[in-house]
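Below: the structure, in structure tokens.
Counting starts at 1 for both ligands and their atoms, in listed order. Scope of the values below: all heavy atoms of this structure, side chains included, with no hydrogens, waters or symmetry mates.
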Amino acid sequence: MNEQSLIQADVIIIGAGPGGLTAALYASRANLKTIVIERGAPGGELLNTSEIENYPGFTQISGAELADKFYSSAMSFGAQHVYGDVEKITIQDQMKQVLVGDKVYQSPVVIIATGAHNRRLDIPGENQLSGQGVSYCAVCDGFFFKNRELVVIGGGDSAVEEGTYLTQFAEKVTIIHRRDRLRAQEILQERAFANPKVEFIWDTVVESINGDMMVESVTLKNVKTNEVTDLKTNGVFVYIGIVPNSQIVSELGITTPEGWIVTNDIMETSIPGVFAIGDVREKHLRQVATAVGDGSIAGQRAYDYIQSLEPQLEK
Ligand code: NAP
């Protein structure tokens, strides 16, 4: 490995969502050389979220605006943000190497804040019509459906919140859920039920998404009666849960069988110096506020961990 390709830091944070950016703020403010590696735009899932109204201090703020504020705050104490898609993490004694293309970042602490991505339905038509009417991001694509009819699949917070958001563009939004009760928070349910543009189809799964060049219809199956019907629609938004972005640590033995990273309450994984925070972590409540809490703990613990190592590192 030549000298140029090895970059040393105290703390490497992988992922610049709310958790990663908060960890960067705490670690850099503790005077640690902190590098945040992100493969997309800073902000993570905030950038795919319309409005946030359950992050303290803001009665309502757009996801993009909050992302911007988190980013400015995180960078204000000297953390460095670099673009890159991490391929692998290796561990050698107390040092961790993070491989990004032809560069190796090395540090005693790595904080994994890689988040999660939307689960796919895995049904005929989904891949072929992705970007042609099938979407996983209302904020990104809602505008293209002005005065159109849309289908939203799912019954959790995302489906109900983003489905309601889509009514500002669409003429009608039909939320299709596989059960007869929503999983979403009561306040989101109440809003959706009160919205004249939102309709629900219960106990129903989508079997295929149909159309030549663009989405034209979905084929539905009622799971109680087995009745199969077609519903015309101009677009399909899929919100059926999330899957952890933990591929880069799949060989480290720190995840559940489903891929969520297991930590204790101070965000430590079973590998000393490797922390995990935010949505990628096995936890009960995945929110901006909890990711921020995780990030602050990990940023502080990174400092404590390096302090505990320092006599050994100097030898
Ligand atoms: P989620 O809470 O896991 O809900 C997924 C929904 O999709 C469930 O209703 C589930 O049905 C349904 N589903 C799962 N697989 C399906 C399939 N193959 N076919 C049809 N339906 C399927 O996921 P989410 O709504 O994306 O939320 C992810 C996390 O972010 C959650 O922790 C959530 O609380 C959080 N979040 C919070 C907010 C907020 O606070 N404002 C907003 C968005 C997200 P069942 O109900 O039958 O399992």
Side-chain angles (χ1 to χ4, degrees), residues 17-19 43-64 66-67 113-127 134-140 142 151-166 173-193 198 200-209 218-224 231 236-246 256 258-261 277-294:
E45 278 305 307
L46 275 179
L47 300 177
N48 297 332
T49 306
S50 45
E51 297 290 336
I52 313 268
E53 56 182 23
N54 55 0
Y55 186 69
F58 301 94
T59 38
Q60 199 177 46
I61 186 166
S62 76
L66 190 56
T114 44
H117 62 274
N118 288 319
R119 179 178 287 127
R120 300 225 158 197
L121 277 164
D122 227 3
I123 56 171
E126 184 182 23
N127 282 345
V134 175
S135 172
Y136 304 83
C137 178
V139 181
C140 320
V151 153
V152 171
I153 304 169
D157 287 341
S158 300
V160 176
E161 189 164 54
E162 300 304 313
T164 308
Y165 166 79
L166 284 167
V173 173
T174 304
I175 299 179
I176 299 172
H177 184 36
R178 64 183 177 181
R179 291 190 292 135
D180 61 1
R181 287 187 63 181
L182 296 171
R183 180 184 288 277
Q185 299 162 46
E186 284 291 332
I187 187 169
L188 302 177
Q189 294 194 29
E190 281 166 18
R191 260 178 225 160
F193 290 142
V198 177
F200 287 87
I201 297 181
W202 304 104
D203 299 312
T204 297
V205 292
V206 178
E207 291 207 311
S208 66
I209 303 172
V218 283
T219 300
L220 308 179
K221 181 178 167 187
N222 183 301
V223 292
K224 288 196 170 149
L231 175 72
V236 177
F237 285 78
V238 183
Y239 285 110
I240 59 161
I242 55 175
V243 181
N245 297 327
S246 57
T256 66
E258 296 77 32
W260 305 104
I261 301 179
I277 58 175
D279 284 359
V280 74
R281 188 167 83 84
E282 191 187 41
K283 64 197 291 195
H284 292 296
L285 186 62
R286 293 192 170 85
Q287 298 276 305
V288 181
T290 60
V292 164
D294 290 359

L166 vs F237 side-chain heavy atoms within contact, under 4.5 Å: yes
R119 N/O under 3.5 Å from ligand 1 N/O: no
Numbered atoms of ligand 1 (with element) below 4.0 Å of N54, judged on heavy atoms: 39 (C), 40 (O), 41 (N)
Atoms in ligand 1 with a heavy atom of R179 nearer than 4.0 Å: 45 (P), 46 (O), 47 (O)
Mode of E53 contact toward ligand 1 - side chain, backbone, both, neither (heavy atoms, under 4.0 Å): neither
Plane angle bin for H177 and W202 - parallel if under 30°, tilted between 30 and 60°, otherwise perpendicular: perpendicular
Under 3.5 Å: N/O of L188 near N/O of ligand 1: no
Between CG on residue D294 and NZ on residue K283, distance to nearest 0.5 Å: 3.5 Å
For atom 35 (C) of ligand 1, the protein heavy atom that lies nearest, with its residue and separation: R286 O, 3.4 Å
Any S50 side-chain heavy atom under 4.5 Å of E162 side chain: yes
Y239 neighbourhood, listing ligand 1 atoms whose heavy-atom distance to it stays under 4.0 Å: 7 (O)
For atom 33 (C) of ligand 1, closest protein heavy-atom neighbour: D157 OD2, 3.4 Å
Per-atom contacts, ligand 1 versus Q287 - under 4.0 Å to a heavy atom: 37 (C), 38 (C), 39 (C), 40 (O)
Distance (rounded to the nearest 0.5 Å) between N127 CG and D122 CG: 7.5 Å
Contact with ligand 1 for Q185, non-hydrogen, under 4.0 angstrom: yes
Contact summary for L182 and F200, nearest pair of heavy atoms: CD1-CE2, 3.8 Å
Heavy-atom check, side chain of V206 versus side chain of V238, under 4.5 Å: no
Straight-line distance of T174 OG1 to L231 CG, nearest 0.5 Å: 6.0 Å
Nearest-neighbour protein heavy atom for atom 29 (C) of ligand 1, which is reported as residue plus atom name and distance: I242 CD1, 4.2 Å
Interatomic spacing from CG in D279 to CG in L285 - rounded to 0.5 Å: 10.0 Å
Distance, nearest 0.5 Å, that separates CD of Q287 from CD1 of I52: 9.0 Å
Under 3.5 Å donor-acceptor, R178 side chain and V205 backbone: no
Per-atom contacts of ligand 1 with S158, taking only distances under 4.0 Å to non-hydrogen atoms: 24 (P), 25 (O), 26 (O), 27 (O), 43 (C), 44 (C)
Atom 31 (C) of ligand 1 touched by protein (heavy atom, under 4.0 Å): no
Protein contact of atom 41 (N) of ligand 1 - nearest heavy atom, named by residue and atom, plus distance: E161 OE1, 3.2 Å
For atom 19 (N) of ligand 1, the protein heavy atom that lies nearest, with its residue and separation: L121 CD2, 4.0 Å
Taking atom 16 (C) of ligand 1 as the reference point, the nearest protein heavy atom with its distance: R178 NH1, 3.4 Å
Ion pair E53/R191, N-O distance below 4.0 Å: yes
Ligand 1 atoms in contact with G241 (distance to a heavy atom under 4.0 Å): 3 (O), 5 (C), 23 (O), 26 (O)
Heavy-atom nearest neighbour of atom 20 (C) of ligand 1 within options N118, I176, I240: I240
For atom 2 (O) of ligand 1, the protein heavy atom that lies nearest, with its residue and separation: R183 CD, 3.6 Å
Contact (N/O only, under 3.5 Å) between G156 and ligand 1: yes
